[in-house]
Amino acid sequence: MNSESDENPMGVGMQLGAVVQLTELYAVIESQADQHLLPLAQNATDIVPGEGSSTAQVLFIGEAPGEQEAKQRRPFVGRSGQLLRKNITEIGLEATQFYIANVVKVRPPENRDPSLDEIEAFRPFLEQEIKIIAPKLIVTLGRFSMAAFLPDGKISQVHGRLHKVTYNDLKYFVLPLYHPAAALRNGKMLTAFKEDMQKIPKILAWITTTNETGTKSNSGKIVQNDITSNLESEIVATLLQ
Ligand code: URA
């Protein structure tokens, strides 16, 4: 049988496949929440799903939902979300090109930092979400999201620098950014956040030219390798500074 991309140059089949997989993934997360198998969650409605295009080129990953996000069950819809979404629009990304998710999918009480245990509990779901979407570029927002890919990174040193991260055999391009909430509190961070966001279109063009995404096999099917260990990372480009 032909691969989906042979049959369907627009990739519609792949897109539907990814939508179904994301729907199924969140059904599992919500069911686990209902069974009290997840930290922070009492029931399914506590889960804030990721949002956006299932075949996004850019995957933005935040830390955990806040009050507005928990109420509306949508990621990044409060004040920091408005800053993020405004900057996404300003760099010209269209709705089909991005997806927004969180490491932890339930609001921690009083918006406290998520604990390591909470991050670990949600980590397998984030990994599946990444595999399904297979983005060209992952943009981490804040230090907790950055630490999922660059555990030894210091956000003040690595923000705005493109990294190639390898989990087992899969390669991801990761651009760490300050969290937009931090940018709202600090003028210097706001400037850095905006400048770093402006790099995204250039990085996407560069990745497309190098054709070096490791998240899909040649057949266009998502590689189903486990991405739980063997984390290694290297800074691949200071070219964008
Ligand atoms: N901060 C986050 O990290 N995620 C959200 O969804 C909202 C605020």
Side-chain angles (χ1 to χ4, degrees), residues 22 25-26 29-30 33 38-54 56 58-91 93 95 97-130 132-133 135 137-151 153-156 158-160 174-186 189-190 192-194 196-197 200:
L22 284 171
L25 174 64
Y26 274 96
I29 302 174
E30 290 180 1
L38 293 173
L40 299 170
Q42 303 301 314
N43 55 56
T45 55
D46 292 332
I47 301 296
V48 177
E51 175 177 298
S53 166
S54 61
V58 186
L59 172 56
F60 293 91
I61 304 178
E63 170 183 317
E67 186 181 7
Q68 277 308 316
E69 288 77 18
K71 263 191 200 145
Q72 298 184 39
R73 299 196 65 204
R74 296 181 59 206
F76 281 100
V77 288
R79 275 190 70 224
S80 64
Q82 283 163 22
L83 177 65
L84 173 67
R85 289 172 187 271
K86 179 168 172 274
N87 276 268
I88 290 175
T89 305
E90 280 174 11
I91 61 170
L93 281 189
Q97 292 179 296
F98 71 93
Y99 185 96
I100 306 177
N102 279 302
V103 174
V104 168
K105 300 184 186 304
V106 182
R107 181 191 180 203
E110 311 296 326
N111 294 349
R112 66 156 168 76
D113 290 345
S115 71
L116 285 179
D117 285 352
E118 288 157 0
I119 291 171
E120 277 312 302
F122 283 96
R123 190 182 179 98
F125 302 122
L126 179 66
E127 289 176 352
Q128 285 182 50
E129 208 167 17
I130 295 169
I132 293 167
I133 296 166
L137 176 66
I138 292 173
V139 178
T140 61
L141 302 166
R143 63 199 165 95
F144 290 97
S145 173
M146 174 205 69
F149 302 92
L150 305 167
K154 274 196 80 180
I155 187 100
S156 56
V158 301
H159 75 86
V174 176
L175 180 70
L177 260 62
Y178 281 121
H179 195 287
L184 283 174
R185 290 192 296 264
N186 177 309
M189 287 186 193
L190 179 59
F193 175 80
K194 288 181 180 168
D196 292 346
M197 284 287 298
I200 292 173

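Because only heavy atoms are used, hydrogens play no part in the values below, and waters and symmetry mates are left out as well, while side chains stay in. Nothing fancy with the numbering, it's 1 onward along the sequence. Not measured: the values here are computed from a predicted model. First listed ligand is number 1; within each ligand, the first listed atom is number 1.
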Main-chain N/O of [Y] paired with [X] side-chain donor or acceptor, under 3.5 Å:
X	Y	result
Tyr26	Gly50	yes
Asp196	Phe193	no
Arg107	Val48	no

Give yes if a backbone or side-chain nitrogen or oxygen of [X] is under 3.5 Å from a nitrogen or oxygen of ligand 1, and no if not.
X	value
Gly62	no
His179	yes
Phe76	yes
Asn102	yes

Please identify which atoms of ligand 1 are closer than 4.0 Å to at least one heavy atom of Ser80. 8 (C)
Mind checking whether Glu63 contacts ligand 1 via backbone (N, CA, C, O), side chain (CB onward), both or neither, at a 4.0 Å heavy-atom cut-off? both
Quick one: look at Pro180 and ligand 1, take heavy-atom pairs under 4.0 Å, and tell me if it's side chain, backbone, both or neither. neither
What are the two closest non-hydrogen atoms of Leu175 and Gly160, and how far apart are they? CD1-C, 3.6 Å
Modelled atom types, side-chain donor and acceptor of Ser115 and Asp117, under 3.5 Å: no
Atom 2 (C) of ligand 1: which protein heavy atom is closest, and how many Å away? Ala64 O, 3.0 Å
Tell me which one of Phe144, Phe60, Phe76 satisfies ring-ring contact (aromatic ring centres under 6.0 Å, His included) with His179. Phe76
